[in-house]
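Worksheet: the structure to be examined is printed underneath.
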Amino acid sequence: MKKRKDDMVRVRFAPSPTGNLHIGGVRTALFNYLFARSHKGAFLLRIEDTDLERSKTAYTEHILESLKWLDITIDEPVVFQSCRQSLYEHYFVILKKKGVVYPCFCTVDDLQQEREEARKQGVPYCYSGRCRELPSVEVEQKLQACQSHTYRFFNEKNGTVKWQDRVHGIISFDTSRLDDFIIRRSDGSFTYNYCVVIDDLDMEITHVIRGDDHISNTPRQILLFQSLSEEPPAYAHVPMILGPDRKRLSKRHGACGLLNFKKEGYLKEALVNFCALMGWSWDDKTTIFSRQELIDTFTLDKISSSPAVFDKDKLNWLNRYYLRSLSLSQIMQALAPFLREEQQMEKISHDILLELVKISRERVTTLKELAETIGKICRGPSCYEEKAVRKCRKKFLRPGLLPGLIAFLNNLKEWSLPSFEEKLREWAQQNDYKFVAVAQVLRLALTGSLVSPPIIECAVFLGRDTVLSRLSHLEQYLRSSGDYEG
RNA sequence: GUCCCCAUCGUCUAGGGGUUAGGACACCGGCCUUUCACGCCGGCAACAGGGGUUCGAAUCCCCUUGGGGACGCCA
């Protein structure tokens with residue numbers, strides 16, 4: 001047995017590359033990562049790709065990219081199960097020597113039949129164990145004849161397996177319920193339950209933090225550890241994340257792949273904070289956690305034992321929170337790819353862009369929306385919202401307001417921030433216009449809408465020429481589309 | 001069906017024998033205000049049901065119900 005430092009924590013995240021990493025997987029990865037960091041231990045990644053049929057390298061890349069995006073960093077090279085056949089082989093020989101595995105010559109069809117039989121009788125299916133007590137002469141014969149066979153674990157079926165789960169407490173299973181599961185397939189490859197045990201042993205994993213759906217695999221794995229005379233790791237089974245319909249999270253719930261959240265414009269800070277709060281909490285008040293705070297406060301015993309429903313509203317709220325709390329440079333960096341999607345942004349200077357981000361980021365939910373909002377302001381209205389025009393005509397477009405505004409702005413000497421608003425307010429008051437009316441007409445002209453970031457700021461950043469041309473354009477439009485007298 | 005896990009506002013949760021059952025999201029009011037947001041203040045809203053144990057149960061035990069998971073030569 002390899003020597004293991006008692007206080008050294010080693011955990012792993014072990015996804016199978018048979019699909020995109022989703023929120024639930026990320027949460028599991030995060031919990032492992034936080035646990036490792038908070039114990040100054042190691043966080044490892046193992047790709048469980050023993051199913052050659054369904055495993056795809058594209059999924060592996062997706063997993064790697066997802067973790068990288070969230071800065072969930074791993075401490076050792078990625079382990080691929082598909083590359084460890086000889087290791088599995090090595091331990092298999094040991095198990096064979098100990099007499100805890102036996103060859104099974106049942107065919108897939110045989111087993112299928114057993115299964116159907118069980119279903120008919122309404123009893124739970126359990127492999128009959130008919131190859132378990134084959135006379136050794138017969139076994140020898142069949143092996144000599146190269147008859148296709150798997151290897152099964154010889155389960156004593158005479159007791160209980162129990163463990164102290166770090167989130168559920170004691171869980172115990174009656175071994176008589178467990179059948180002799182296959183550990184080696186007829187093609188010589190090894191199955192999940194076996195590989196997990198060998199890898200966890202070899203990688204010196206101290207704590208297995210994984211989804212609740214693995215609880216029923218755990219007794220088999222513990223049995224395997226016991227047959228190798230090894231101590232199983234500590235287990236912490238975290239509850240599943242469910243969709244709003246309380247069903248297990250899947251494609252049906254949309255945004256299945258984590259990278260979709262990135263594409264939609266969510267910040268990694270929000271996503272990490274959000275994932276941490278699904279099934280874990282620190283106290284009765286705190287909801288905002290920085291990465292460091294998570295590391296400092298995370299413990300397994302504060303993981304909830306009941307499943308959580310994915311709540312997009314809360315994610316949105318967190319994203320809005322981080323959108324306005326992160327430093328401007330962090331936002332600019334995350335925003336850059338989204339800005340590139342926007343047309344006609346070339347002429348906007350970096351400084352103005354910064355200002356626009358500053359005033360816009362408080363009113364959007366995602367980076368994508370932020371980029372769109374800024375893009376719209378820069379490009380100007382492609383059309384005017386009908387409702388906005390109607391409301392303006394009815395409430396704000398007092399006679400002379402628009403031409404007066406144009407003339408005023410045309411002659412305005414100082415086109416800069418505090419003075420622009422002061423002068424505009426003065427002008428409005430002198431002419432007996434409500435300031436809100438002036439602002440809304442300006443807003444309609446500049447954005448085509450009555451909802452936008454602060455319009456005074458926008459006007460100043462956009463510059464005199466752009467503002468005047470958009471105002472005249474609105475005037476033309478009003479003339480050509482209804483009774484308008486200026 | 002069998003085994004395993006779970007059960008506090010609509011959602012995430014705190015609370016683990018004595019609490020006006022706390023917070024957050026969402027929702028609804030109000031204030032602020034150039035619109036929309038932000039922010040602030042306030043409101044609505046929960047211990048699944050039934051039995052025990054106890055002076056006292058959201059909390060401990062049992063049953064019921066409901067939800068989830070697992071029952072593969074998938075992981």
Side-chain angles (χ1 to χ4, degrees), chain A residues 14-19 48-51 53-55 81 104 106-108 111-112 115 118-119 121-126 148-152 165 167-168 171-174 177-179 181-187 189-193 195-196 211-219 237 239-240 242 244 246-248 274 277-288 302 304-318 320-321 324 359-364 388 391 421 424-425 428 434-444 447 449-457:
Chain A
S16 66
T18 53
E48 308 219 318
D49 54 355
T50 53
D51 183 350
E53 287 287 301
R54 297 198 301 145
S55 297
Q81 285 191 325
C104 171
C106 296
T107 63
V108 176
L111 298 174
Q112 191 55 36
R115 229 169 264 131
R119 188 151 33 129
Q121 290 175 27
V123 294
Y125 169 71
C126 212
S148 168
H149 61 283
T150 59
Y151 280 93
R152 286 181 184 270
D165 196 276
V167 348
H168 291 281
I171 301 180
S172 74
F173 281 82
D174 210 329
R177 298 270 160 207
L178 270 32
D179 62 359
F181 55 97
I182 292 173
I183 68 169
R184 184 169 204 175
R185 305 188 184 95
S186 49
D187 67 359
S189 63
F190 293 93
T191 60
Y192 166 76
N193 279 115
C195 295
V196 167
D212 224 337
D213 49 339
H214 285 287
I215 286 181
S216 52
N217 288 320
T218 309
H237 287 98
M240 310 259 81
L242 312 176
R246 302 210 128 258
K247 295 265 188 260
R248 188 200 184 113
F274 176 73
L277 256 21
M278 299 228 82
W280 176 86
S281 65
W282 168 242
D283 60 8
D284 59 341
K285 298 214 160 53
T286 322
T287 55
I288 299 296
K302 288 207 161 268
S304 148
S305 53
S306 56
V309 172
F310 175 80
D311 181 14
K312 193 144 191 190
D313 280 334
K314 192 136 187 173
L315 207 212
N316 285 341
W317 177 79
L318 277 165
R320 265 176 262 139
Y321 174 83
R324 59 179 194 269
I359 58 173
S360 306
R361 65 170 170 172
E362 287 195 357
R363 26 188 60 77
V364 294
K391 189 164 182 186
E421 180 176 348
L424 190 63
R425 277 184 189 276
K434 277 190 182 146
F435 189 64
V436 60
V438 176
Q440 287 297 64
V441 170
L442 188 57
R443 196 184 308 276
L444 179 65
T447 68
S449 163
L450 290 186
V451 176
S452 87
I455 202 63
I456 307 301
E457 283 83 341

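None of these values were measured; they are calculated from a predicted model.
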pair_partner(C71(B)), Watson-Crick or wobble, both distances < 3.5 Å, evaluates to G1(B)

Quick one: His168(A) NE2 to A7(B) C1', roughly how many Å, whole number? 13 Å

Within the sub-3.5 Å range, which N or O atoms of nucleotides 39-44 of chain B have a protein N or O partner, and how far apart are they?
{"from": "G39(B)", "atom 1": "OP1", "to": "Arg324(A)", "atom 2": "NH2", "distance (Å)": "2.6"}

State whether a side-chain donor-acceptor pair under 3.5 Å links Thr191(A) with Asn193(A). no

Give a yes/no on whether any side-chain N or O of Arg246(A) is located under 4.0 angstrom from OP1 or OP2 of G10(B). no

What's the gap between C25(B) and G39(B) when it is taken at their P atoms, as a whole Å value? 8 Å

Scanning all shown strands, the Watson-Crick or wobble mate of A24(B) with both distances under 3.5 Å is U11(B)

Need one value for Pro454(A): base, sugar-phosphate or nothing, where a base atom within 4.0 Å counts as base even if backbone is also close, heavy atoms only. base

Reported CZ-to-CG distance for the pair Arg248(A) and Asp213(A), which is rounded to 0.5 angstrom: 5.0 Å

May I ask you to evaluate whether Arg320(A) reaches the phosphate of A26(B), defined as a side-chain N or O under 4.0 Å from OP1 or OP2? yes

Measure from the side chain of Met278(A), starting at C-beta and using heavy atoms only, and say which of C12(B), C36(B), A70(B) lies closest. C12(B)

Protein-proximity profile, nucleotides 59-64 of chain B, B/S/- by nucleotide at the 4.0 Å heavy-atom cutoff, equals ------

Just how far, in rounded Å, is P of C9(B) from CG of Asp311(A)? 14 Å

Check the phosphate of A14(B) against Lys285(A), side-chain N and O only, distance under 4.0 Å to OP1 or OP2. Yes or no? no

Residue closer to the 5' end of RNA chain B, Val108(A) versus Arg443(A) (nearest nucleotide): Arg443(A)

Can you find a donor-acceptor N/O pair under 3.5 angstrom joining the side chain of Ser452(A) to the base of C36(B)? no

Where the chi angle of C44(B) falls, syn if within 90° of 0 and anti if not: anti

Distance (rounded to the nearest 0.5 Å) between Phe181(A) CZ and Asp179(A) CG: 8.5 Å

Given U35(B), A14(B), A75(B), identify the nucleotide with an atom nearest to the side chain of Ser281(A). A14(B)

Pick base, sugar-phosphate or nothing for Gly211(A), based on heavy-atom distances below 4.0 Å to the nucleic acid. nothing

Lys314(A) has its side chain closest, among C6(B), G22(B), C25(B), to C25(B)

Please report the interatomic distance OG(Ser452(A)) to CZ(Arg363(A)), rounded to the nearest 0.5 Å. 7.5 Å

What residues form a ring pair (Phe, Tyr, Trp, His ring centres under 6.0 Å) with His214(A), not counting sequence neighbours? Tyr192(A)

Are OP1 or OP2 of C73(B) and a side-chain N or O of Arg115(A) less than 4.0 angstrom apart? yes

What protein N or O atoms touch nucleotides 1-3 of chain B N or O atoms at under 3.5 angstrom, if any, and at what distances?
{"from": "G1(B)", "atom 1": "O2'", "to": "Gly122(A)", "atom 2": "O", "distance (Å)": "3.2"}
{"from": "U2(B)", "atom 1": "O2'", "to": "Arg177(A)", "atom 2": "NH1", "distance (Å)": "3.4"}

For G69(B), does either OP1 or OP2 sit under 4.0 Å from a side-chain N or O belonging to His214(A)? no

Can you tell me the Watson-Crick or wobble partner of U33(B), both distances under 3.5 angstrom? none

Looking only at heavy atoms, what is the nearest atom pair of Phe435(A) and Glu421(A), with distance? CZ-CG, 4.3 Å

If I take atom CD1 from residue Ile215(A) and atom CG from residue Asp212(A), how far apart are they, to the nearest 0.5 angstrom? 4.0 Å

First locate atom CZ of Arg425(A), then atom CD1 of Ile456(A), and finally report the distance between them rounded to the nearest 0.5 Å. 7.5 Å

Does the side chain of Thr50(A) get closer than 4.0 angstrom to OP1 or OP2 of A75(B) through an N or O atom? yes

Would you say Thr191(A) places a side-chain N or O within less than 4.0 Å of OP1 or OP2 belonging to C73(B)? no

Interatomic distance where CG belongs to Leu318(A) and C1' belongs to C12(B) [whole Å]: 10 Å

Rounded to the nearest angstrom, tell me the gap between atom CG in Asn217(A) and atom P in G72(B). 11 Å

Taking only N and O in the side chain of Arg54(A), is any of them less than 4.0 Å away from OP1 or OP2 of A75(B)? no

Go through the structure and list residues passing salt bridge (charged side-chain N to carboxylate O under 4.0 Å, His left out) with Arg185(A), not counting sequence neighbours. none

Which comes earlier along RNA chain B counting from the 5' end, the contact point of Leu315(A) or that of Ala308(A), where each point is its nearest nucleotide? Ala308(A)

Does U54(B) pair with anything, Watson-Crick or G-U wobble, both distances under 3.5 Å, and if so, with which nucleotide? none

Could you work out, with side chain to side chain donor-acceptor pair (under 3.5 Å) as the rule, every residue matching Asp311(A), not counting sequence neighbours? none

Separation of U19(B) C1' from Asp284(A) CG (nearest whole Å): 12 Å

Return the pairing partner of A48(B) with a 3.5 Å limit on both distances, Watson-Crick or G-U wobble; otherwise return none. U64(B)

From NZ (Lys302(A)) to CH2 (Trp282(A)), nearest 0.5 Å: 6.0 Å

